[in-house]
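Have a look at the structure below, then the notes.
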Protein chains: 2
Amino acid sequence: MTGHKRLTQNDIAKLAGVSQATVSLVLNGAPTALARIPAETRERVQAVIQTTGYVADPIARRMAKGLNRILGVFTYEPAFPSAQADFFTPFLLGIEEEAQHQNYDLLLLTSAGVGNNRKIFSENNRLRIADGCLVLGREFDRKELARLVTEDYPFVAIGRRDDVGGPVPYVGGDYEAATRHLVEMAVSLGHSQLAYIGPEGPAESIVDRWRGFVSTLGEGGELALHVDAVNRPAGEILDGIVSSGATAAFFIELADAVRVEAAARERGLSVPQDFSMVVLGSHIRAGRSPVRFTSYDIPREEMGRQATAMLVNRIETASAGSQILLTCEPVEGETLGPCPSNPAKRAQ
Amino acid sequence: MTGHKRLTQNDIAKLAGVSQATVSLVLNGAPTALARIPAETRERVQAVIQTTGYVADPIARRMAKGLNRILGVFTYEPAFPSAQADFFTPFLLGIEEEAQHQNYDLLLLTSAGVGNNRKIFSENNRLRIADGCLVLGREFDRKELARLVTEDYPFVAIGRRDDVGGPVPYVGGDYEAATRHLVEMAVSLGHSQLAYIGPEGPAESIVDRWRGFVSTLGEGGELALHVDAVNRPAGEILDGIVSSGATAAFFIELADAVRVEAAARERGLSVPQDFSMVVLGSHIRAGRSPVRFTSYDIPREEMGRQATAMLVNRIETASAGSQILLTCEPVEGETLGPCPSNPAKRAQ
DNA sequence: GAAAACTGCTAATACGTATTAGCTGTTAAT
DNA sequence: ATTAACAGCTAATACGTATTAGCAGTTTTC
């Protein structure tokens, strides 16, 4: 079965009574070369191509020319499983859109890695199939990133990345500025005791939020509580907030915020009357919680689009790529209000 | 920039003091050939490969061997844009999972086509980059399908497809049986006047539902109403149902069902007390409506997995592929109840 | 009327790997 | 002592395209 007797340029050439080279030239010769092939011959070749339905083998094309019009997409976690789907889908949406626009195909590097541990440079690294690669994931392997940089492989990261022996080309969201903005808003609403609920891990996205958070402390606000373990019981976190005297709590994870809000409601506390809550980032799927949290919007689709465009530019002009941070617009929501006049009463 | 001085087997060969052929054999020679290379030499070559970080160029590999370990994924609509995302994501989830398991990468054929009109066989058809292809979409181009079949290109469709000059290998959901099951349930609950709200288009998925629906008519149930235009005003559809005397309405589109249920509620009618509603297929995103409709589950992930497995099998064994329909389990829901004893009263 | 320019093509080669046939030197069989 | 078998490699080629150098014949130039 599957007996592809694939047509080649040689077949076309014989049918048209020319050489393989002529067929190739007719298909995609430089204008100067084309000018030397009379219209009659060109039409004859084209006619054969039409009737046979010949299409050039992209693999052979890549062999000869070096380029492919394929963009690799490497995700450090599986892209689609539902837990991740909401995270990756908006990126992929933007990537696909821009790829289609630029007439590139996408190669999802899914096979790489042993077990669940995905690696870019695995034993059989398939990166080179693509002309370049987009890298995304919650947390990167810095050694791999460093290798991409030193090898000068054309790639673009989605999300800001620290230098690794050289600048990493990326398109990220400006979490630091957006976080700072929300803190300033809280302070201007009278809050001076702030809580930060989230980890301090090494990931850039976490670092940026923390930086944005602490950068304005001292100018009216101060840190009353820092819970760095996520997924603690909601009641415990709530207790911490209340007893610390914090009047505004900043959450890294929407999930934590949802749970704490529910716990507060259960205790008869209401947000933002009794205390304010802010989520540092987009609600990935807002529909799940009825509460519209004050937060900021991460322009994931746009990140995907711009990263793709940057990558294509890197490939086509052999340039080095740059570093772009996109603004994350604040989302007003309904969980940030003025500082309660008598916060102590909350404890009753 | 991007000065890849890509390592080749020739470089490795020189460094190890052997020939290019030996390097290739060390990497993936048949056992019989490998047996003739002493461990010492193999280790020497492996060592060079290790230290240099050489990886074979998959393109050249494909050139020489004909296979790639890449599966193409062709979608007739963009896969990710949010309207489609909920439709395609479960399929892709299954596909990605199985692809990773079988150690294949996925090539998303996004570039093909002119404007929004995607085509498999466009002027520069990139299908051949992959070893085979999965084809998905709400509606297929039968001519393209026929061409895939006659060219004996290894592909598998997701969703049942009619023969097109030959059997089409597919993994689909058994909508016909699942629909029949729901109709039988309604009949056994005393319903005899049934409404069908949905188109009759040429798409197989629509045909199958309609077949399942009509196949049991006459044996206790009969068609009281058939609204074939979708997206009509909900009130109008509701009027039709009520005035036709139908006591159970079957919907192709969840969206229509949601709207009609809302309209009914507004008029003081309740489901399933006043009339029953059934949706023929999975709620793609159940969360949006509070009502849990009686329907059946389309095992999209499993379809993706099995289609991928079938495709890999087709590729690796050069077999022809088969046709598989997966069972769609009924979802009980809360919108199918006994036939109201005095349906006329509903009109009041 | 010889050189130059141009026209219409083709031969040859590169791309990087897989694979087969086969070469050279050694050991085993008869 | 000759042949046969085998060990340890390598040369050569195929895969399908893109591209450059250049050939043979015709036309232009001065």
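Please read these numbers as outputs of a predicted model, since none were measured by experiment. By convention in this document, chain letters (A, B, ...) are assigned in the order of the sequence lines, proteins followed by strands, and residues within each chain are numbered from 1. For the numbers below, each heavy atom of this structure counts, side chains included, while hydrogens, waters and symmetry mates do not.
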[X] has a side chain; which of [options] sits nearest to it?
| X | options | result |
| --- | --- | --- |
| B/Pro38 | D/dT17, D/dG8, C/dA18 | D/dG8 |
| A/Arg61 | D/dC15, D/dA18, D/dA11 | D/dA18 |
| B/Asp57 | D/dT19, C/dT17, D/dC9 | C/dT17 |
| A/Ala60 | D/dT17, C/dA18, D/dT10 | D/dT17 |
| B/Arg36 | C/dT10, D/dG16, D/dC9 | D/dC9 |
| B/Ala64 | D/dG16, C/dT17, C/dT19 | C/dT17 |
| B/Val18 | C/dT17, D/dT10, C/dC9 | D/dT10 |

- Message: Looking only at side-chain N and O atoms, does A/Glu98 offer a donor or acceptor that is under 3.5 Å from a partner on A/Gln102?
- Response: yes

- Query: Between the side chains of A/Gln306 and A/Glu302, is a donor N or O closer than 3.5 angstrom to an acceptor N or O?
  - Reply: yes

- May I ask you to verify if any side-chain N or O of A/Gln9 is less than 4.0 angstrom from the OP1 or OP2 atom of D/dA18? yes

- Should A/Arg62 be listed as having a side-chain N or O under 4.0 Å from OP1 or OP2 of C/dC15? no

- Message: In whole Å, I'd like the distance from the NZ atom of A/Lys65 to the C1' atom of D/dG16.
- Response: 15 Å

- Query: Taking the six-membered ring of A/Phe140, is NZ or CZ of A/Arg161 closer than 6.0 Å to its centre and within 45° of its axis?
  - Reply: yes

